[in-house]
Amino acid sequence: MSLSEQFSWISPSLPETITRQQYPAGTLYVVATPIGNTGDISLRALYLLNLADAIACEDTRNTAQLLNLYGLQKPLIAAHQHNEREIAQKIAERLQAGERIALVSDAGTPGVSDPGARIVDELRNQGLPVIALPGASAAITALSASGFTDDQFQFVGFLPSKAGQRKEVLQGCVNTSATQIFYEAPHRIHDTIAAMLEVFGPQRRIVLARELTKLFEESQRCTLAEAGAWLKADKHREKGEYVLLIEGLPAQQDSGMQEAQRILGILLESCSVSQAASLAAAITGQKKNNLYQLALSLQSEDDEAAG
Ligand code: SAM
């Protein structure tokens, strides 16, 4: 059965909706591509990629393969993290000549833990137009299936690889009601979960979203105390791509923690971390373990400030 027959139930007005939109010449189009399943590309993205004069991409081999799957052939411009500023200049010249250039990364949304932002920055600095075509991003895909309900989220992206720096970043994420979103590589997943357990405590909930939109995708929601056992239960879980979501504190606890932080700050001037946490827990009713982690991070901030 041909593609048009398979999709014969689609309203004939859809192509018109896509083409009625303006696609001005002399513009950079930032186009999201799939994060796994190659079916997750929008019709508008396909239309635009076909319309573009050239496609700037992170890895020309990957993009050529993807385009081939969609029956497209286009001149490709290599635009990776090491040449973004120079390439921006070349793209600027082509836009000034009236071309439409598309910008894609290997997977997902360009500029989200991927090259692209410097090119866009440079073009905007030169007053050149940039239009985004939305699509897949691993962070939002994982978030939408998490059920973590606070209205706010914070995208942290990749944590530093050094243990000390990683812990410091995590400590900065402890006392907020916003869901925290991390990207992680499989070879660091065990260490990262162990560090999260230490910093957020065993009861905090996590979603481990693995291989999203791919054949063996999984999205496990559990407490941090349970996450290590889930990882070890299947050796395949040491491979693949991960998004980790940490649930924020309940909003009430969030404002309670702000007060607790103020009290801890005063107590730490004359007490040890452990004493300050115990006293602050007794005064505020907050959990001692949470306050202990907070006191540790406050003290390390103070130590750094003192040099
Ligand atoms: N620009 C991409 C986006 O919009 O999501 C992110 C690119 S970043 C270089 C790659 C990281 O994104 C991976 O290490 C992983 O943490 C996450 N990621 C990408 N695809 C994923 C998938 N299918 N399942 C889970 N995580 C994924």
Side-chain angles (χ1 to χ4, degrees), residues 28-42 44-45 48-49 55-63 65-66 69 78-84 87 102-121 130-148 153-161 166 169-170 173 179-193 195-196 206-222 227 230-231 234 236-246:
L28 179 81
Y29 292 88
V30 183
V31 182
T33 56
I35 55 168
N37 190 312
T38 48
D40 291 336
I41 186 133
S42 77
R44 227 155 68 75
L48 185 280
L49 290 173
I55 301 175
C57 56
E58 195 179 352
D59 182 322
T60 52
R61 283 163 308 177
N62 284 349
T63 299
Q65 259 179 20
L66 191 70
L69 197 80
H80 41 76
Q81 59 176 6
H82 305 294
N83 72 351
E84 278 191 76
I87 279 302
L103 170 70
V104 301
S105 63
D106 277 351
T109 301
V112 177
S113 295
D114 258 347
R118 287 187 193 84
I119 293 177
V120 170
D121 179 50
V130 178
I131 292 178
L133 271 74
S137 184
I140 301 299
T141 307
L143 180 68
S144 65
S146 72
F148 290 162
F153 65 86
Q154 175 171 307
F155 177 69
V156 185
F158 287 105
L159 288 163
S161 55
R166 179 174 55 207
V169 174
L170 290 175
C173 301
T179 301
Q180 306 289 307
I181 308 180
F182 304 89
Y183 282 166
E184 194 48 284
H187 64 276
R188 282 206 291 260
I189 192 74
H190 284 286
D191 289 349
T192 297
I193 294 297
M196 287 176 164
I206 181 170
V207 166
L208 301 101
R210 176 178 169 271
E211 295 287 86
L212 292 167
T213 79
K214 299 183 191 174
L215 208 51
F216 298 107
E217 72 178 304
E218 300 183 279
S219 178
Q220 172 71 5
R221 193 170 86 169
C222 57
W230 181 82
L231 273 177
D234 181 342
H236 293 105
R237 293 183 182 145
E238 286 171 10
K239 297 196 180 118
E241 299 190 282
Y242 274 93
V243 181
L244 302 174
L245 306 180
I246 297 282

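We count ligands from 1, going down the list as the structure has it; atoms in each ligand are counted the same way. Since the structure is predicted, the reported quantities are computational estimates derived from the model, not experimental observations.
- In this structure, K239 has no salt bridge (Lys or Arg N to Asp or Glu O under 4.0 Å) partners at least two apart in sequence or on a different chain.
- Side chains of L48 and I131 form no contact here, defined as non-hydrogen atoms less than 4.5 Å apart.
- I181 CD1 to C173 SG: the interatomic distance, rounded to the nearest 0.5 Å, is 11.0 Å.
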Contacts table for residues 182-189: side-chain donor-acceptor under 3.5 angstrom, sequence neighbours left out:
residue	atom	partner	partner atom	Å
Y183	OH	A139	N	3.1
E184	OE1	R188	NE	3.4
E184	OE2	T192	OG1	2.7

Would you tabulate the polar-atom pairs, meaning N/O of ligand 1 against N/O of the protein, with distances under 3.5 Å, reported to 0.1 Å?
residue	atom	partner	partner atom	Å
ligand 1	1 (N)	A107	O	3.3
ligand 1	1 (N)	T109	O	3.0
ligand 1	1 (N)	V112	O	2.8
ligand 1	1 (N)	D114	OD2	2.8
ligand 1	4 (O)	T109	N	2.9
ligand 1	4 (O)	S137	OG	2.8
ligand 1	5 (O)	S137	OG	3.3
ligand 1	5 (O)	A138	N	2.8
ligand 1	5 (O)	Y183	OH	2.7
ligand 1	16 (O)	E184	N	3.2
ligand 1	16 (O)	Y242	O	2.6
ligand 1	20 (N)	E241	OE1	3.3
ligand 1	23 (N)	I35	O	3.0
ligand 1	23 (N)	L212	N	3.4
ligand 1	23 (N)	L212	O	2.9
ligand 1	24 (N)	L212	N	2.8

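- By the side chain to side chain contact (heavy atoms under 4.5 Å, CB included) test, T109 pairs with A32, V112, S137, sequence neighbours left out.
- For the atom pair L244 CG and Q220 CD, the distance stands at 12.5 Å (nearest 0.5 Å).
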